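What follows is a set of notes on a single structure, which appears directly below.
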Amino acid sequence: MPTTTSTTTASTRAAPQQYRTTPCKNFELIAHAVATMYLLALPLPTRAIYHRHMEPFDDLLHQAEIAHGHLCAGQILGVRLAMLGCSRLNIAEPRTTDRKRLVTFIEIDRCATDAIAVVTGCRLGKRAIKFRDWGKMAATFVDLKEQIATEGDTPIYKGIRIAALESSKQRARELYPHIDNKNQQQMLAYREMPDADLFSEQWVQVPLHPREMPGYKSQRITCAQCGEGINYDRHITATGGTILCQSCAAPEQSYYRPLD
């Protein structure tokens with residue numbers, strides 16, 4: 001990604017390459033550029049160096065912005081969260097050479113979700129993203145090369161769960177009290193805050209049955225009531241051995257209802 005360069009005075013230090021921004025044409029990027037000017041006017045803090053083999057932070061952030069449609073604090077948080085997860089698992093190239101090594105569980109369907117998908121290369125359509133609607137700004141990164149146990153026919157893998165700290169918002173207010181806009185305030189702070197001030201980390205074990213794995217092949221079964229095909233053993237065997245899809249087996253729990 002091309003970067004802009006600028007002439008600095010003795011009193012202004014240039015931002016490191018991974019924190020430089022690109023020219024922008026929409027409101028969000030203009031707000032981001034204005035916020036970044038505050039950073040350039042301040043002494044540079046000690047900042048975390050991410051995994052040396054991953055793409056630069058700003059390159060990934062720009063890709064996340066394109067995928068999501070705008071730039072916001074959630075995008076910055078999501079990029080940093082995913083980079084940290086990959087770093088902790090020593091996954092250097094999650095989208096290329098290590099692309100079959102990672103499965104990511106995401107606990108919220110907000111801005112950070114798109115950023116996590118961009119950094120990791122995990123996609124719902126590849127069965128490498130598992131969505132759990134828990135309403136938490138958190139994700140668990142599972143290393144498929146680190147099987148640590150087995151329960152019956154289900155392998156258990158090592159992973160790390162990373163969650164955004166609620167205190168990070170207050171810390172952003174403390175760092176930039178002169179900025180009234182909460183999004184701009186957080187965009188600035190989330191770029192420079194240490195990982196320990198942004199996230200909690202917990203090593204976990206995650207059971208993953210073979211049918212939940214990317215690339216799993218299964219027999220396609222037909223629902224005896226509606227006639228629709230069912231993949232990945234998601235059918236229900238009713239009394240008498242009748243094969244039903246989940247919506248026919250429990251219509252009161254279906255997410256949709258027929259109009260007629």
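The structure presented is a predicted model; accordingly, all values stated were derived computationally and were not measured.
Between the side chain of D143 and the main chain of K158, no donor-acceptor pair closer than 3.5 Å is present. With hydrogens and angles ignored, the 3.5 Å screen pairs no side-chain donor or acceptor of R161 with any backbone N or O of V204. In terms of modelled atom types and a separation under 3.5 Å, the side chain of R127 and the main chain of M213 share a donor-acceptor contact. Listed for the T113 side chain is a donor-acceptor partner under 3.5 Å among the backbone atoms of I108. Side-chain atoms of R123 come within 3.5 Å of backbone N or O of A117 as a donor-acceptor pair. Side-chain N or O atoms of D153 include none that pairs as donor or acceptor with a backbone N or O of H209 at under 3.5 Å. Under the 3.5 Å distance criterion, the side-chain polar atoms of R234 are matched with a main-chain donor or acceptor of Y232. The backbone N or O of I179 lies less than 3.5 Å from a partner atom in the side chain of Q185, making a donor-acceptor pair. One N or O on the side chain of R95 and one on the backbone of V118 form a donor-acceptor pair closer than 3.5 Å. In terms of modelled atom types and a separation under 3.5 Å, the side chain of E228 and the main chain of C223 share no donor-acceptor contact.
Side-chain atoms of T237 and I243, non-hydrogen and from C-beta on, do get closer than 4.5 Å to each other. Residues M193 and L175 have side chains in contact (heavy-atom distance under 4.5 Å, counting atoms from C-beta outward). Between K100 and P214 there is no side-chain heavy-atom pair separated by less than 4.5 Å. Within the 4.5 Å cutoff, side-chain heavy atoms of M187 are placed close to those of L71. Annotation: side chain of T140 is not in contact with side chain of R132 (no heavy-atom distance under 4.5 Å). Between F141 and I116, the closest side-chain pair of non-hydrogen atoms falls below 4.5 Å. Looking at E212 and P207, their side chains never come closer than 4.5 Å, going by heavy atoms from C-beta outward. With a 4.5 Å cut-off on side-chain heavy atoms, L61 and R191 count as touching.
In the hydrophobic cluster analysis, where Ile, Leu, Val, Met, Phe, Trp and Tyr join through side-chain heavy atoms closer than 4.5 angstrom, L60 is grouped together with I162. Note on L84: it does not cluster hydrophobically with V103, by side-chain heavy-atom contacts below 4.5 Å among ILVMFWY residues. With hydrophobic clusters built from ILVMFWY side chains whose heavy atoms lie under 4.5 angstrom apart, W203 shares a cluster with F199. The cluster map of Ile, Leu, Val, Met, Phe, Trp and Tyr, joined by side-chain heavy atoms under 4.5 Å apart, puts V206 and L102 in different clusters. When the side chains of ILVMFWY residues are joined at heavy-atom separations under 4.5 Å, either directly or via intervening members, I160 and L81 end up in a single hydrophobic cluster.
Crowding of E151 atom CD: a count of heavy atoms from other residues, nucleotides or ligands under 6.0 Å not exceeding 12. Around the CD1 atom of I66, the shell of radius 6.0 Å holds more than 12 heavy atoms that belong to other residues, nucleotides or ligands. No more than 12 heavy atoms of other residues, nucleotides or ligands shown are found within 6.0 angstrom of NZ on K169. No more than 12 heavy-atom neighbours from other residues, nucleotides or ligands sit within 6.0 angstrom of CD on Q205.
Considering CG of D197 and OG of S167, their distance stands at 7.0 Å, rounded to 0.5 Å. Atom SG of C72 and atom CD of E65 lie 9.5 Å apart (nearest 0.5 Å). Atoms NZ and CG, on K182 and D180 in that order, are 13.0 Å from each other to the nearest 0.5 Å. Within the model, atoms OG of S247 and OH of Y255 stand 8.5 Å from one another, a figure rounded to the nearest 0.5 Å. Once rounded to the nearest 0.5 Å, the distance linking CG of N231 with OH of Y216 reads 10.5 Å. To the nearest 0.5 Å, atoms CG (L89) and CZ (R101) are separated by 7.0 Å.
Between A115 and Q75, the closest heavy-atom pair is CB-O, 3.6 Å. Smallest separation of non-hydrogen atoms from L77 and A164: CD2-CB, 3.9 Å. Closest heavy-atom contact between G227 and T222: O-CG2, 3.5 Å. The shortest heavy-atom contact between L124 and I129 is CD1-O, 3.5 Å. Here the closest heavy-atom approach between residue R80 and residue P194 is recorded as NH2-C, 3.9 Å.
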_Please evaluate residues K126 and R99 with respect to the criterion side-chain contact (heavy atoms from CB on, under 4.5 Å), reporting the C-alpha separation (whole Å), side-chain torsions for both, the decisive distance (0.1 Å), and the verdict._
CA-CA 11 Å; K126 294 180 179 179; R99 67 186 182 279; over 6 Å; no
